[in-house]
2 protein chains.
Amino acid sequence: MVGIREIAKHAGVSISTVSYALNGNPKVTEETRDRILAIAKEMHYTPNLAGRTLKKQKTNMIGLYVNGFGGDFYSHVIDGVASVLKKNNYELIVGSGGSRSRAFIPQKFVDGAIILDVAFPTELVTDYADAGNQIVIMDRDISHENVCRVMLDNNDGAEKAIAALAATQVKHYVVVTGPTNSYDSQTRLKTAIRQVEKQDDQSILVIPSDFTIPGGRKAAEIIYNMGMKDVGIFALNDELAIGLYEGFTAHHVKVGNNVKIVGFDNDLLGTYLQPGLTTVDYSKHQWGERAAETLLAMINGEAPQQDQFINTRVIHRGSLGEAQ
Amino acid sequence: MVGIREIAKHAGVSISTVSYALNGNPKVTEETRDRILAIAKEMHYTPNLAGRTLKKQKTNMIGLYVNGFGGDFYSHVIDGVASVLKKNNYELIVGSGGSRSRAFIPQKFVDGAIILDVAFPTELVTDYADAGNQIVIMDRDISHENVCRVMLDNNDGAEKAIAALAATQVKHYVVVTGPTNSYDSQTRLKTAIRQVEKQDDQSILVIPSDFTIPGGRKAAEIIYNMGMKDVGIFALNDELAIGLYEGFTAHHVKVGNNVKIVGFDNDLLGTYLQPGLTTVDYSKHQWGERAAETLLAMINGEAPQQDQFINTRVIHRGSLGEAQ
DNA sequence: TTGTATGCGTTATCAA
DNA sequence: TTGATAACGCATACAA
């Protein structure tokens, strides 16, 4: 490992001079700086991050915690976060699943954290925040001076989804939910129920599920066996919707006629369904960007808006029938 | 920041005793250890990684470099790598795009690296390897004592793809390729040509493309305009195949009859096409596992097999016609 | 069994 | 303009 000490020896100067030269400190002559930089390059010098971090107490890295990398979702969010960080000369560390990488936060190994991972315990978040770590949370409602929220406007999305179903004059409403510990699922469901209740003489059937394709298949089975006509299904995410398609197709029920479906997330797969899946869309990329911008603002001592929401819109494709 | 110094003060012992206690060194009494651990917990102590790293010269982290997170590919590989690392108490850092995270390798910020990223310059890989860093490469052919290769058996896969097309007795062979700098594309193409040449009186049309859906659409256009019958297309990845489907569908050409397609990668999207895409499959998860296992072996001073290959198999779905 | 002291690679303060 | 030196937090050889 070649360090500044060796460079100093080779250049015949002290280590502090080398450090100044490497960091572009104007204290050192241009001449000696060039000489030192040349030697550093020649010796394949690369600064040791641990040493620097120890001294500076700042890593210029931020941690993004996600629940996995699968599907057509996280990659867009990650890209959004990464683009902002890159512009601001921060490095991104993406942590998933493992609890050990979470320790990066209290260990001051990252200068801040963005969390979009239901599996990240809320208690841990508040613990870290108590210890002075700055955090942006994207998937639940935590009130803390060191925590900012950048969230999807689930209420807005759910309202629009129900409105889209209502416009097709369905007779029965069904909501297929995600896991009960999902904040997204909870809020979407709550709003959906509220919206349906506003209508006269309308009931709503809730089928608890788990945001997965098999879960959607099972839900389709249940709905099919009830033998309802003119049913409008709000699948709280697109994976469920895909499962619903599969389930109904197995019974030769064509989506868009007796059964209308609206999903949530605008997953790429939905465009490949027949008919295309009508769904609630939002910019995953922008969501990531906003989260990163907010965190950087916090780190820089600015006080960003504590609550921010990402807008949604409905994309009509065909699962509500030709009328659309 | 609470460090061992403060704990020592609170406990009325020296910092070394604290360090011993925290690291479970048997030198210290069980009694004092328990007392120190209790105090550490109470004070919310978390070891500073930079300090420890600086001292130990080992981070127990490994870097995985990928070209992005999109699609149905990287997530499986990452999961495979992560599962092995977790078992061995290593932490995973996933780097993408940014060149700054690449510096983690020479900075000794990771104990080793796994590379599956065409955008990672080969020259950089050999530089790092020269400097003694241990690397597993998954996407090209680099010969170096500090580099092991864990690669897809592209030859095997391409052979099987052409064989599957041949079994349907197509009259014309077409290969739609990836970008020219892609090792995967190069080897698949080379083998495909070799296999077709083995047959009598067979020619093969090569359409250079880029592994993307739009690229596939353009290729379909070209093929359609040539007006060939009984054409068998080997799309060197599934995204191209999806684009081909779209292109042919636009001209009301049904895949599986006059046009037969076989893809590569077994992307989830292929199962949603009509008819399902016949493709070359392999275990992405296992690929990641093998890469991680190999790297850990290298780090532990064992000398693993320098070349390893992941097997492939053809999954038949319908894009070769009913005969299959 | 515990304490003292040193060094890991870097930055930054203070003298020279 | 440069050099000597003290931190940063931790682990460990050695002394007590």
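By convention in this document, chain letters (A, B, ...) are assigned in the order of the sequence lines, proteins followed by strands, and residues within each chain are numbered from 1.
The separation between B/Q107 atom CD and C/dC8 atom P is 19 Å, rounded to whole Å. Atom NZ in B/K9 sits about 16 Å away from atom C1' in C/dG3, given to the nearest Å. The separation between A/I4 atom CD1 and D/dT2 atom C1' is 14 Å, rounded to whole Å. Rounded to an integer number of Å, the gap from A/R35 CZ to D/dT2 C1' is 12 Å. Spacing between atom CG of A/N25 and atom C1' of C/dT13 amounts to 12 Å, rounded to whole angstrom units. Note: CG (B/L49) to C1' (C/dT10) measures 17 Å, nearest angstrom. The distance between atom NZ of A/K58 and atom C1' of D/dC8, rounded to the nearest whole Å, is 16 Å. Distance B/L54 CG to C/dT6 P: 17 Å, rounded to the nearest Å.
Remark: side-chain polar atoms of B/Q306 are not paired, donor with acceptor, to backbone N or O of B/R149 under 3.5 angstrom.
With hydrogens and angles left out, the side chain of A/K55 and the base of C/dA12 share no donor-acceptor pair within 3.5 Å.
Phosphate proximity of C/dG9 to B/Q57: present, with a side-chain N or O under 4.0 Å from OP1 or OP2. For the pair B/S16 and C/dG3, the criterion of a side-chain N or O lying under 4.0 Å from OP1 or OP2 is not met. Phosphate contact (OP1/OP2 of D/dA11, side-chain N/O of B/R52, threshold under 4.0 Å): present. Side-chain nitrogen and oxygen atoms of B/S14 include at least one within less than 4.0 Å of the OP1 or OP2 phosphate oxygen of C/dG3.
Across all strands, B/I15 comes closer than 4.0 Å to base atoms (heavy-atom distances). Within the nucleic acid shown, B/N23 comes within 4.0 Å of sugar-phosphate atoms alone, with no base atom in reach, counting heavy atoms only. As judged by a 4.0 angstrom heavy-atom cut-off over every strand, B/T53 is placed among residues making no nucleic acid contact. Here A/T29 lies in heavy-atom contact (under 4.0 Å) with sugar-phosphate atoms only.
Put simply, the residue from A/D265, A/N311, A/D153 that forms a side chain to side chain donor-acceptor pair (under 3.5 Å) with A/Y282 is A/D265.
Looking at which nucleotide of DNA chain D each of A/K56 and B/Y20 is closest to, the 5′-most match is held by A/K56.
There is a side-chain donor-acceptor pair under 3.5 Å between A/T212 and A/D210.
Cation-pi contact between B/R102 and B/F120: present, with separation from the ring centre below 6.0 Å and deviation from the ring axis of at most 45°.
Residue B/K9 qualifies as open at atom NZ: its count of foreign heavy atoms under 6.0 Å is 12 or below.
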